[in-house]
Amino acid sequence: MVGPGLYTEIGKKTRDLLYKDYQTDHKFTLTTYTSNGVAVTATSTKKADLIFGEIQSQIKNKNVTIDVKANSGSNVITTVTVDEIATPGLKTILSFAVPDQRSGKFELQYLHDHAGVNASIGLTANPVVNLSGSFGTKALAVGADISLDTASGNLTKYNAGLSITHEDLIASLNLNNKGDSLTAAYYHNVNQLTSTAVGAELTHSFSTNENTLTFGTQHALDPLTVVKARFNNSGKASALIQHEWRPKSLVTISAEVDTKTIEKSSKVGIAVALKP
């Protein structure tokens with residue numbers, strides 16, 4: 001990607017470092033491929049005493065991808081994605097869920113060297129319209145994200161962001177929750193060879209005048225094993241180790257503890273993802 005990317009890319013490096021793959025549930029994922037290239041993924045997640053299941057199939061034909069997902073809540077979600085339609089960088093996405101008749105959504109994404117635009121509209125009589133965009137370059141990007149409820153005429157979401165990238169350093173600033181919270185994030189790739197990185201995120205809430213600070217790091221013990229750790233100003237510490245024991249097959253063990261009540265708050269999660 002040479003341009004600024006979509007609005008969701010602002011601050012993503014830091015969010016992935018601090019939050020991606022951390023979990024306290026038990027999760028098992030198995031992916032298989034049929035003879036005609038259809039990918040089928042089955043997922044089972046145990047939360048407390050409850051078990052949630054999901055089956056997803058994905059079909060690709062040239063520039064068209066069809067995803068069909070069914071979960072234990074009796075919902076079937078279908079997403080149709082068409083890449084490079086009409087012009088390079090343009091993608092269309094149609095999604096809907098059964099039996100939710102108000103879930104239909106049509107979406108357009110466009111990536112350019114100096115812009116990334118995402119527009120979506122609900123397929124209902126009075127839809128919610130969302131428009132987000134980022135403009136600039138890979139080094140400097142500004143963006144905004146706005147949602148309008150046409151039924152009430154109210155803006156249900158308006159956010160803004162700024163991202164600065166310099167070699168191995170990325171800094172971002174996001175104004176979220178209708179201007180109520182301000183988040184500053186920082187990411188530093190310390191060593192490319194060992195995937196060593198550090199990052200921090202500071203969020204200030206104007207309505208409550210509270211600050212939340214989270215910082216974390218990651219390091220590759222070897223080409224197949226990564227460890228991560230994070231800590232926030234509330235005293236919660238988390239760590240994980242992820243090992244790729246065969247290509248694209250991962251085992252992740254993560255733990256979380258509240259340092260203020262260590263004897264009561266320890267949580268451990270295990271995630272296993274298998275691919276042929």
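Please read all numbers here as calculations on a predicted model, not as lab measurements. Nothing fancy with the numbering, it's 1 onward along the sequence.
Contact check for Phe52 versus Lys47: side-chain heavy atoms found under the 4.5 Å cut-off. No side-chain heavy atom of Pro99 sits under 4.5 Å from any side-chain heavy atom of Val76. Two residues are said to be in side-chain contact when any heavy atoms from C-beta on lie closer than 4.5 Å; Leu162 and Ile10 fail this criterion. Looking at Asp25 and Lys46, their side chains never come closer than 4.5 Å, going by heavy atoms from C-beta outward. Put simply, the side chain of Leu123 reaches to within 4.5 Å of the side chain of Leu94, judged on heavy atoms.
Residue Leu175 is grouped with residue Leu173 when hydrophobic side chains (ILVMFWY) are merged at heavy-atom distances under 4.5 angstrom, including chains of intermediate members. Under the 4.5 Å side-chain contact rule for hydrophobic residues, Val257 and Phe215 do not share a cluster. Residues Ile270 and Leu274 are members of one and the same hydrophobic cluster, defined by side-chain heavy-atom contacts under 4.5 angstrom among Ile, Leu, Val, Met, Phe, Trp and Tyr. Residues Val129 and Tyr110 fall within the same hydrophobic cluster, defined by Ile, Leu, Val, Met, Phe, Trp and Tyr side chains chained together at heavy-atom separations under 4.5 Å. Transitive grouping of hydrophobic side chains (ILVMFWY, heavy atoms separated by less than 4.5 Å) keeps Ile170 and Tyr186 in distinct clusters.
Of all non-hydrogen atoms in Glu84 and Gly89, the two that sit nearest each other are OE1-N, 2.9 Å. Minimum interatomic distance between Ser134 and Tyr7 (heavy atoms only, all atoms of both residues): OG-N, 3.9 Å. Closest approach of Ser195 and Ala220 over heavy atoms only: CB-CB, 4.1 Å. Nearest heavy atoms, Gly199 versus Leu17: N-CD2, 3.3 Å. Here the shortest heavy-atom pairing between Ser181 and Thr203 reads CB-CG2, 4.2 Å.
With hydrogens and angles ignored, the 3.5 Å screen pairs no side-chain donor or acceptor of Gln58 with any backbone N or O of Thr65. Panel note: side chain Lys228, backbone Lys20; a donor-acceptor pair is recorded below 3.5 Å. A side-chain donor-acceptor contact under 3.5 Å links Ser254 to the backbone of Gln23. At distances below 3.5 Å, at least one donor-acceptor pair connects side-chain atoms of Thr150 with backbone N or O atoms of Pro127. In this structure, Asp100 contributes its side chain and Arg102 its backbone to a donor-acceptor pair below 3.5 Å. A donor-acceptor pair under 3.5 Å links the side-chain atoms of Ser249 to the main chain of Lys275, judged by distance alone. Of the possible donor and acceptor atoms, none in the side chain of Asp145 sits under 3.5 Å from a partner among the backbone N and O of Asn159. For the pair Tyr187 (side chain) and Gly11 (backbone), a donor-acceptor distance under 3.5 Å is absent. Using modelled atom types, no side-chain atom of Ser120 and backbone atom of Phe106 make a donor-acceptor pair closer than 3.5 Å. Here the side chain of Asn174 pairs no donor or acceptor atom with the backbone of Asn176 at under 3.5 angstrom.
When only modelled atom types and interatomic distance are considered, Thr31 and Thr41 share a side-chain donor-acceptor pair under 3.5 Å. If you check the side chains of Thr43 and Glu54, you find no donor sitting under 3.5 Å from an acceptor. Counted by atom type alone, Thr156 and Asp149 present zero donor-acceptor pairs between their side chains at under 3.5 Å. No side-chain donor from either of Ser163 and Ser172 sits under 3.5 Å from a side-chain acceptor of the other. A donor-acceptor contact under 3.5 angstrom links the side chains of Ser147 and Asn130, judged on distance only.
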request  = Carefully, step by step, assess Lys91 and Glu107 under the rule side chain to side chain contact (heavy atoms under 4.5 Å, CB included).
outcome  = CA-CA 8 Å; Lys91 177 188 295 187; Glu107 185 174 351; over 6 Å; no
key: ring-ring contact (aromatic ring centres under 6.0 Å, His included) evaluation trace for His26 with Phe28   = CA-CA 7 Å; His26 295 169; Phe28 179 80; over 10 Å; no
request  = Determine, step by step, whether Asn177 and Phe206 satisfy the side chain to side chain contact (heavy atoms under 4.5 Å, CB included) criterion, reporting the C-alpha distance in whole Å, the side-chain angles of both residues, the deciding distance to 0.1 Å, and the verdict.
outcome  = CA-CA 10 Å; Asn177 301 321; Phe206 294 104; over 6 Å; no
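The environment of Leu108 atom CG is dense: over 12 non-hydrogen atoms of other residues, nucleotides or ligands sit within 6.0 angstrom. More than 12 heavy atoms of other residues, nucleotides or ligands shown are found within 6.0 angstrom of NZ on Lys157. Within 6.0 Å of CG in Asn36 there are more than 12 heavy atoms belonging to other residues, nucleotides or ligands.
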